[in-house]
Amino acid sequence: PPVHSRNDWIGPPDKHSNLRPVIFYVPPEESPLERRLREARQEAQTCNQRFWARQNCAFRQEKEEFIYSRLKAKGLEMRDKTGQKATLNAEEMADFYKDFLSKNFRKHMQYNRDWYKHNFTITFLMGQVALVRALRWLRWKKKNAGN
């Protein structure tokens, strides 16, 4: 981002996680509380990025293995005579999706718990930052009204 920017910058989706990375704006006079909030947001982003990159990689690999095994059981190759990638019908793929979700249920539950913890922390810190800013504004207004 340009040096004069005062906003977070959001990039294109990551090819592994499909999440859009964020470059967080760091104010020149960032308070310790504001820094904690930014760092909590960055940590949440890093955890989400890591989880979804791993999850999507496992998904793609297991999906390919599933398709290969089903095609092999039917006596088919991964590519047809024209060179097109062979596919399975929607019902067969539904079996894969159901299996994948069942197999990864605990992992997703743990991710959800962690996600809620991160969001609770971020929301709590955002409330504190908003309160501090409001009090600072009120003190400034009171000081200027007395002049």
What I want to check is whether the side chains of Gln45 and Gln49 have a donor and an acceptor closer together than 3.5 Å.
no
Can you tell me if Glu92 uses its side chain to pair, donor with acceptor, with the backbone of Asn89 under 3.5 Å?
yes
State whether the side chain of Asp14 and the backbone N or O of Ser17 hold a donor-acceptor pair below 3.5 Å, judged by distance alone.
yes
Of all heavy-atom pairs linking His16 and Arg60, the shortest is O-NH2, 3.7 Å
Say you draw a straight line from CZ of Arg41 to OG1 of Thr46; how long is it, rounded to the nearest 0.5 Å?
12.0 Å
Just jot down the salt bridge (charged side-chain N to carboxylate O under 4.0 Å, His left out) partners of Lys98, sequence neighbours excluded, or say none.
none
With a cutoff of under 4.5 Å between side-chain heavy atoms, which Ile, Leu, Val, Met, Phe, Trp and Tyr residues group with Trp115?
Leu19, Phe51, Trp52, Tyr111, Tyr116
Counting heavy atoms not belonging to Arg113, are there more than 12 under 6.0 Å from its CZ?
yes
Quick one: NZ on Lys143 to CG on Leu138, what's the gap to the nearest 0.5 Å?
14.0 Å
Check residues 128-137 and write down every donor-acceptor pair under 3.5 Å in which the side-chain atom is one partner and the other belongs to a residue at least two apart or another chain.
from	atom 1	to	atom 2	distance (Å)
Arg133	NE	Glu34	OE2	3.1
Arg133	NH2	Glu34	OE2	2.8

Tyr97 atom OH, over 12 foreign heavy atoms within 6.0 Å:
yes
Nearest-0.5 Å distance, CE of residue Met93 to OG1 of residue Thr87
9.0 Å
Shared hydrophobic cluster, Trp9 / Phe24 (ILVMFWY, side-chain heavy atoms < 4.5 Å):
no
Pairing of Lys85 and Glu64 as salt bridge, 4.0 angstrom limit
yes
Minimal heavy-atom distance between Leu88 and Lys74, with the atoms involved, is CD2-NZ, 4.1 Å
To the nearest 0.5 Å, what is the distance between NZ (Lys63) and CG (Asp99)?
14.5 Å
Does the pair Gln110 and Arg106 meet the rule for a side chain to side chain donor-acceptor pair (under 3.5 Å), with working shown?
CA-CA 6 Å; Gln110 184 61 49; Arg106 289 190 189 280; over 6 Å; no
Rounding to 0.5 Å, atoms CG (Leu76) and CZ (Arg70) come to a distance of 13.0 Å
Show your reasoning for whether side chain to side chain contact (heavy atoms under 4.5 Å, CB included) applies to Lys72 and Glu77.
CA-CA 7 Å; Lys72 188 175 179 182; Glu77 297 292 324; over 6 Å; no
Are Leu37 and Ile23 co-members of a hydrophobic cluster defined by side-chain heavy atoms under 4.5 Å apart?
no
Whether the Lys141 and Asn144 side chains hold a donor-acceptor pair (N or O, under 3.5 Å, no angle test) is what I'd like checked.
no
Looking only at heavy atoms, which two atoms of Pro12 and Pro21 are closest? And how far apart?
O-CD, 3.0 Å
Taking all heavy atoms of Ala86 and all of Leu71, pick out the closest pair and write down the distance.
CB-CD1, 3.7 Å
Val22 and Ile10 have their tightest heavy-atom pair at CG2-CG1, 4.1 Å
Taking Lys103 first and then Glu62, would you say they form a salt bridge - that is, a charged N and a carboxylate O separated by under 4.0 Å?
yes
Using every non-hydrogen atom in the two residues, find where Tyr25 and Arg38 come nearest and quote the distance to one decimal.
O-CD, 3.7 Å
Just say parallel, tilted or perpendicular for the rings of Phe120 and Phe124, cut-offs at 30° and 60°.
parallel
Is Arg36 atom CZ crowded by more than 12 heavy atoms from other residues, nucleotides or ligands, each under 6.0 Å away?
no
How far does CG of Asn104 sit from CE of Met109, to the nearest 0.5 angstrom?
13.5 Å
